[in-house]
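Chain naming here is simple, since letters A, B, ... match the order of the sequence lines and numbering starts at 1 in each. The shown structure was predicted, so the numbers you read here are calculated from the model rather than taken from an experiment.
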Amino acid sequence: MAKDIASRVNDYSQWYNDLVIKGGLADYSSVRGCMVIKPYGYAIWEHMRDALDKMFKDTGHVNAYFPLLIPKSFLSKEASHVDGFAKECAVVTHYRLKNSADGKSVIVDPDAKLEEELIIRPTSETIIWNSYKNWIQSYRDLPILINQWANVVRWEMRTRLFLRTAEFLWQEGHTAHATASEAIAETEKMLDVYATFAEEFMALPVIRGKKSANERFAGALDTYCIEAMMQDGQALQAGTSHFLGQNFAKAFDVQFLNKEGKQEYVWASSWGVSTRLIGALIMAHSDDDGLVLPPKLAPLQVVIVPIAKGEEEMKKLFEKCEPLMQELKAKGISVKFDDDDTKRPGFKFAEHELKGVPVRLAMGMRDYEAGTVEVARRDTKEKSSQPFNGVAGYIENLLKEIQQNIFNKAKAFRDSHIRQVNSWEDFLKQIEAPGFISAHWDGTPETEEKIKELTKATIRCIPLDNKQENGTCVFSGKPSKERVIFARAY
RNA sequence: CGGGGUGUAGCGCAGCCCGGUUAGCGCACCUGCUUUGGGAGCAGGGGGUCCCAAGUUCGAAUCUUGGUACCCCGACCA
């Protein structure tokens, strides 16, 4: 049992907070709801960003950057968009400070009031579509496939590190197309990119689905999502992709001349994932000893802990390990020789476990003499003694195995916590247990609203690969042709 | 915005009810020595506007009033 970390069963929220803080991923800041992402946490984000960025480029997208500040009037051009975001916008009203009369503090200069107030972007559809208007005249200008890496601000009532912060980092793709089907195809393609990323890099199994009308993005015709299950059985939306129809094109009057010489509004998509993924990563895999990170995203994949009496032994061990480190680095594996002599080996073992380093090697003089090395894997905590010669190949395979194992483990957990429910009575009982519920729904927002009110569970998604089967709504008893996923969510 | 709670060293807390030496404990930190195969031991040391302001008093971390910040529960939330 790790020191100073709450256990998952006793206090899941505290356990999560402990891992974020004690694992060195992030810190609270002096601004309410905002966090400091520390180097170790940021390194995970960099790995996520690099992998996703490559996938975006490989699917034909380019990066650009649009302003942080958006004229207030832009937000109100799309009716449902403003409804969705108005309540959580930070607003810039002045552009200058000055010294107070007594000279002791700085105050907002009342003479420096902005003509038009600016909002800090909660998302960038409006400012981007205002630009697209100038960029698009003809079908030859389409499609536009742009992504931006940025920060956004949403003034949330209640925040949690990584999962819901007032400011967060994300990417937002904004594409413009000549036809609806092309925009829908783009929306689906990017959902697929997210699902692939989640499963292959994060080792996080996800359900691809569509949102119900209630849960749809403000301004979208359709919202697609990937939903993941955390270890407490709650759902977490890990990524979204929206088919925006012509809503923003109409709001910003973006028309193009098609091949037939007719003016037509442009079709759009937008899609994003955020630093919330780091929260998902933590809650999906970690245990009571600390973080468990998938090798593909771990800032450090292999750590070597030497066990030495005195400098001379330390030097011997380092010289023995150096060729191995070169060999690992040549394979693209990150490795560190932890020769900090102010900490003892036992402390280091616990520390690297807390930080989720996938593979730990330990070597003392006994191993040195015997030509062996102790290899410990973080995911199962199994230790074994391996011949030192050829251990690089063993480690390379082990990393792959760990990546696969934590995915399998998460998938087995999820699959065993999805329950089919066919009666309201059973629904009320089952929703109290961790996990997802698969049940028939009559398709009305009223029913969904009522269920949410009574149970706090929402429709997470209508799975894309859903089996079509006739049934009756678990709440209203009306006919339904497919099951949807209900859960309590982050 | 409603209900509850908490602000004392970097972190976690005691002291407050019942005012009175130099504000204390654990962890962390620094120095030295001994240690090193699962969170080391001993010795020495540094660090405080006791959230802020006003008041009561010979005297306030402690009592009174006002303010403020944060946390939890609710409301809210892609």
Side-chain angles (χ1 to χ4, degrees), chain A residues 1-6 11 13-14 17-18 21-22 27-34 80-81 83-89 122-123 125 152 154-161 163-166 168 170 172 209-220 222-227 235-242 244 270-274 276 289-290 305-314 317 338-355 360-370 372-374 376 381 383 385 452-453 456 458-461 489-490:
Chain A
M1 174 65 63
K3 222 173 166 182
D4 303 328
I5 295 180
D11 192 341
S13 301
Q14 191 58 47
N17 284 334
D18 285 349
I21 300 295
K22 287 165 184 154
D27 240 342
Y28 291 103
S29 79
S30 48
V31 182
R32 194 191 74 87
C34 294
S80 57
H81 195 64
D83 278 352
F85 286 110
K87 282 175 288 185
E88 49 190 53
C89 284
T123 180
E125 274 77 5
V152 289
R154 297 179 186 178
W155 213 265
E156 301 286 353
M157 296 294 227
R158 233 169 117 188
T159 58
R160 294 195 68 188
L161 293 165
L163 298 175
R164 178 170 284 114
T165 47
F168 56 91
W170 77 343
E172 45 181 327
K210 237 185 220 193
K211 285 293 187 189
S212 65
N214 284 354
E215 299 282 324
R216 203 175 278 156
F217 173 76
D222 252 324
T223 288
Y224 295 71
C225 63
I226 51 173
E227 292 284 330
L236 188 136
Q237 177 179 299
T240 51
S241 181
H242 316 289
L244 302 174
S270 71
W271 28 273
V273 296
S274 71
R276 173 179 243 211
D289 292 316
V305 178
I307 298 152
K309 297 185 177 79
E311 273 178 45
E312 205 158 298
E313 286 188 9
M314 182 67 87
L317 291 169
D338 186 0
D339 61 355
D340 182 349
D341 63 1
T342 66
K343 294 181 178 71
R344 293 161 49 110
F347 182 90
K348 292 176 185 177
F349 292 169
E351 189 71 7
H352 294 124
E353 276 162 13
L354 170 62
K355 295 216 153 198
R360 182 190 71 230
L361 307 182
M363 185 186 275
M365 292 318 285
R366 288 211 302 268
D367 285 302
Y368 185 90
E369 306 295 345
T372 58
V373 60
E374 183 192 86
K381 301 203 71 184
K383 290 192 279 198
S385 184
K452 183 180 177 184
E453 199 183 307
K456 289 180 180 165
T458 51
I459 295 175
R460 300 319 305 156
C461 69
Y490 280 98

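Rounded to whole angstrom, the span from the CG atom of A/D11 across to the P atom of B/C72 amounts to 11 Å. Distance, A/M365 CE to B/G37 C1': 13 Å, rounded to whole Å. Nucleotide B/U35 holds its C1' atom 10 Å from the NZ atom of A/K309, rounded to whole Å. To the nearest angstrom, P of B/C72 lies 9 Å from CZ of A/R160. Computed from coordinates, the A/D83 CG to B/C77 P distance equals 11 Å when rounded to whole Å. Atom-to-atom, CZ of A/R360 to P of B/G37 comes out at 13 Å; the value is rounded to the nearest Å. To the nearest angstrom, P of B/C71 lies 12 Å from CD1 of A/I21. Here B/G39 presents its P atom at 16 Å from CG of A/D338, a figure rounded to the nearest Å.
Take the nearest nucleotide of RNA chain B for A/Y28 and for A/Y490: the residue whose nucleotide is more 5' is A/Y28. If A/P306 and A/A350 are placed on RNA chain B by their nearest nucleotide, the residue sitting closer to the 5' end is A/P306.
Rounded to a whole angstrom, the distance from the C1' atom of B/U21 to that of B/G15 is 15 Å. If you take atom C1' in B/A40 and the same atom in B/U35, they sit 7 Å apart, rounded to whole Å. Rounded to whole Å, the separation between the C1' atoms of B/A23 and B/G48 comes to 9 Å. Rounded to a whole angstrom, the distance from the P atom of B/A60 to that of B/C50 is 12 Å. The separation of B/G47 from B/U31, taken at their P atoms, amounts to 16 Å, rounded to a whole angstrom. Nucleotides B/A53 and B/C58, compared at atom P, are 22 Å apart to the nearest Å. B/G39 and B/C27: their C1' atoms are spaced 12 Å apart (whole Å). Taking atom C1' in both B/C63 and B/U56, the straight-line distance is 8 Å, to the nearest Å.
Under 4.0 Å is where a charged nitrogen must lie from a carboxylate oxygen, and between A/K348 and A/D340 no such pair does.
A/K211 places a side-chain N or O within donor-acceptor distance of the main-chain N or O of A/R460, the cut-off being under 3.5 Å. Listed for the A/T159 side chain is no donor-acceptor partner under 3.5 Å among the backbone atoms of A/A166. With A/H242 contributing its side chain and A/W271 its backbone, the two residues share no donor-acceptor pair below 3.5 Å.
The side chain of A/K456 approaches B/G74 more closely than any other nucleotide in the set B/G74, B/G38, B/C76. In this structure, the nucleotide among B/G39, B/U36, B/C77 sitting nearest to the side chain of A/F347 is B/G39. Of the candidates B/C77, B/U36, B/A75, B/A75 carries the atom nearest the A/M157 side chain, counting heavy atoms from C-beta on. Taking the side chain of A/R344 as heavy atoms from C-beta on, and the options B/G38, B/A40, B/C77, the nearest nucleotide is B/A40. Of the candidate nucleotides B/U36, B/G37, B/C76, B/G37 has the atom nearest to the side chain of A/D367.
Under 4.0 angstrom from either OP1 or OP2 of B/G37 there lies no side-chain N or O belonging to A/R366.
B/U35: no Watson-Crick or G-U partner with both key distances under 3.5 Å is found in any strand. The base-pairing partner of B/C50, taking Watson-Crick or G-U wobble contacts with both distances under 3.5 Å, does not exist among the strands shown.
Residue-to-nucleotide contacts include no donor-acceptor pair under 3.5 Å from the side chain of A/R154 to the base of B/C77. No hydrogens or angles were tested; on distance alone, a donor-acceptor pair under 3.5 Å links the side chain of A/E353 to the base of B/G38. In this model, a side-chain donor or acceptor of A/K383 finds a partner on the base of B/G38 within 3.5 Å.
Across all strands shown, A/E351 has heavy atoms under 4.0 Å from base atoms, whether or not it also approaches the sugar-phosphate. Among the heavy atoms of the strands lying under 4.0 Å from A/G310 is at least one base atom, whether or not backbone atoms are also near.
Within a 6.0 Å sphere centred on CH2 of A/W155, heavy atoms belonging to other residues, nucleotides or ligands number 12 at most.
Geometric assessment of A/R360 against the ring of A/F349 yields a positive cation-pi assignment under the 6.0 Å and 45° thresholds.
Paired with A/E215 under the rule side chain to side chain contact (heavy atoms under 4.5 Å, CB included), one option of A/T458, A/T240, A/I459 passes, and it is A/T458.
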